[in-house]
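Before any comments, here is the structure.
Just so it is clear: chains get the letters A, B, ... in the order the sequence lines come, proteins before strands, and each one is counted from 1.
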2 protein chains.
Amino acid sequence: MAVDPECPVCKTADIVCAKWTLLVVRELDEGRSRFCELERSLTGISPRTLSLRLRELEQEGIVERQQLPELPPRVEYALTDKGRALLPMIEDMRCFGERWLEGEPAVSATVA
Amino acid sequence: MAVDPECPVCKTADIVCAKWTLLVVRELDEGRSRFCELERSLTGISPRTLSLRLRELEQEGIVERQQLPELPPRVEYALTDKGRALLPMIEDMRCFGERWLEGEPAVSATVA
DNA sequence: TGCGGCACTTCACTTGGTAAAGTGGTTGGG
DNA sequence: CCCAACCACTTTACCAAGTGAAGTGCCGCA
């Protein structure tokens, strides 16, 4: 997926532009969470995609996977500092969406 | 591609997470540009993808397409205000990339 | 007159994401 | 005691997005 491995913007885009990535991060910002909890709050995500995304994010050091030593063994995911460094982007996107994408999906001019 | 049409973050992600989108925007922030110039500066993009992306971005009101009345008719693309509203995200991504993605693509721990 | 540039489009192919079902381990209920 | 359900995922088959290479129609220039 990489475009220019030298360019910080490209490298970041390669990570965060995979579908659901930012939503997973936003969800984990609410607090550590288990697989099935994420599955429930991210309505529409397939377990396969969630699984892939969590593994990628773990490899990138953006989320931390913790297998609790209980029985049955639950698994919890949490954001790392690196992961929290993605939050400003999400905030920018929220602002952009609220300011420029209100209601209609960019149909015609709202001139009047 | 849409996930939750009510959520500003999702709606924004649906636009900016298409491949090359942010790079096109960044390129146009350098000044208005023509199709083949974009093709040359965005090394690796296929003309099909560039064409699709420009059309989508035009529909969203993020870029402006201007057919100059010359012969042969050149076409120029430029950012709108809405398009410039995406620049903070790109800046965040650059920062993130520089701070957290230096050099290695997240191989192993840099603990020491 | 034919060569090259511009602004794309078309086509065949690969990759990424989805939906639905399945797996293996672990309780809890009848 | 055993069947159902829950958890944390995989597997499989499919569809959509992006790629690479080639092609199109228009033009100007030598």
- Message: Determine whether a donor-acceptor pair (N or O, by modelled atom type, separation under 3.5 Å) exists between the side chain of A:S51 and the backbone of A:P47.
- Response: no
- Quick one: which of D:dC9, C:dC6, D:dA8 gets closest to the side chain of A:C36? D:dA8
- Do A:E37 and A:R40 meet the salt-bridge criterion of a basic N to acidic O distance under 4.0 Å? no
- Could you tell me whether A:R34 and A:E76 have a side-chain N and a carboxylate O separated by less than 4.0 Å? no
- Note on the structure: Here the distance between atom P of D:dA8 and atom CZ of A:R55, to the nearest Å, is 15 Å
Tabulate protein N/O versus nucleotide N/O from nucleotides 12-18 of chain D, keeping only pairs under 3.5 Å, one per line.
{"unit_1": "D:dG18", "atom_1": "OP1", "unit_2": "B:K19", "atom_2": "N", "d": "3.2"}
{"unit_1": "D:dG18", "atom_1": "OP1", "unit_2": "B:R53", "atom_2": "NH1", "d": "3.3"}
{"unit_1": "D:dG18", "atom_1": "OP2", "unit_2": "B:R53", "atom_2": "NH1", "d": "3.4"}
{"unit_1": "D:dG18", "atom_1": "OP2", "unit_2": "B:R53", "atom_2": "NH2", "d": "2.8"}

- Query: Per the end-axis method with five pairs at each terminus, what is the bend angle of the helix from C:dT1-D:dA30 to C:dG30-D:dC1, to 10°?
  - Reply: 20°
- Message: Determine whether a donor-acceptor pair (N or O, by modelled atom type, separation under 3.5 Å) exists between the side chain of B:R26 and the backbone of B:I90.
- Response: no
- Query: Taking OP1 and OP2 of C:dC8, is either one under 4.0 Å from a side-chain nitrogen or oxygen of B:Y77?
  - Reply: yes
- Item | Options C:dC8, C:dA7, D:dA8, nucleotide nearest the side-chain atoms of A:R65 | D:dA8
- Message: If you assign B:V3 and B:P72 each to the DNA chain C nucleotide with the nearest heavy atom, which residue ends up on the more 5' nucleotide?
- Response: B:P72
- Which one, D:dC7, C:dC8, D:dC9, comes nearest to the side chain of A:V75? D:dC9
- Task: Ignoring the backbone of A:F35, work out which of D:dC7, C:dC6, D:dC9 is nearest its side chain.
- Result: D:dC9
- Query: Does B:K82 reach the main-chain N or O of A:L101 with its side chain, forming a donor-acceptor pair under 3.5 Å?
  - Reply: no
- Message: Is there a side-chain contact between B:L54 and B:F35 in this structure, where contact means two heavy atoms from C-beta onward sitting under 4.5 Å apart?
- Response: yes
- Message: I'd like to know if A:R55 and A:E58 make a salt bridge, using a cut-off of under 4.0 Å between side-chain N and carboxylate O.
- Response: no
- Under 3.5 Å, is there a donor-acceptor pair between the side chain of A:S33 and the main chain of A:L28? no
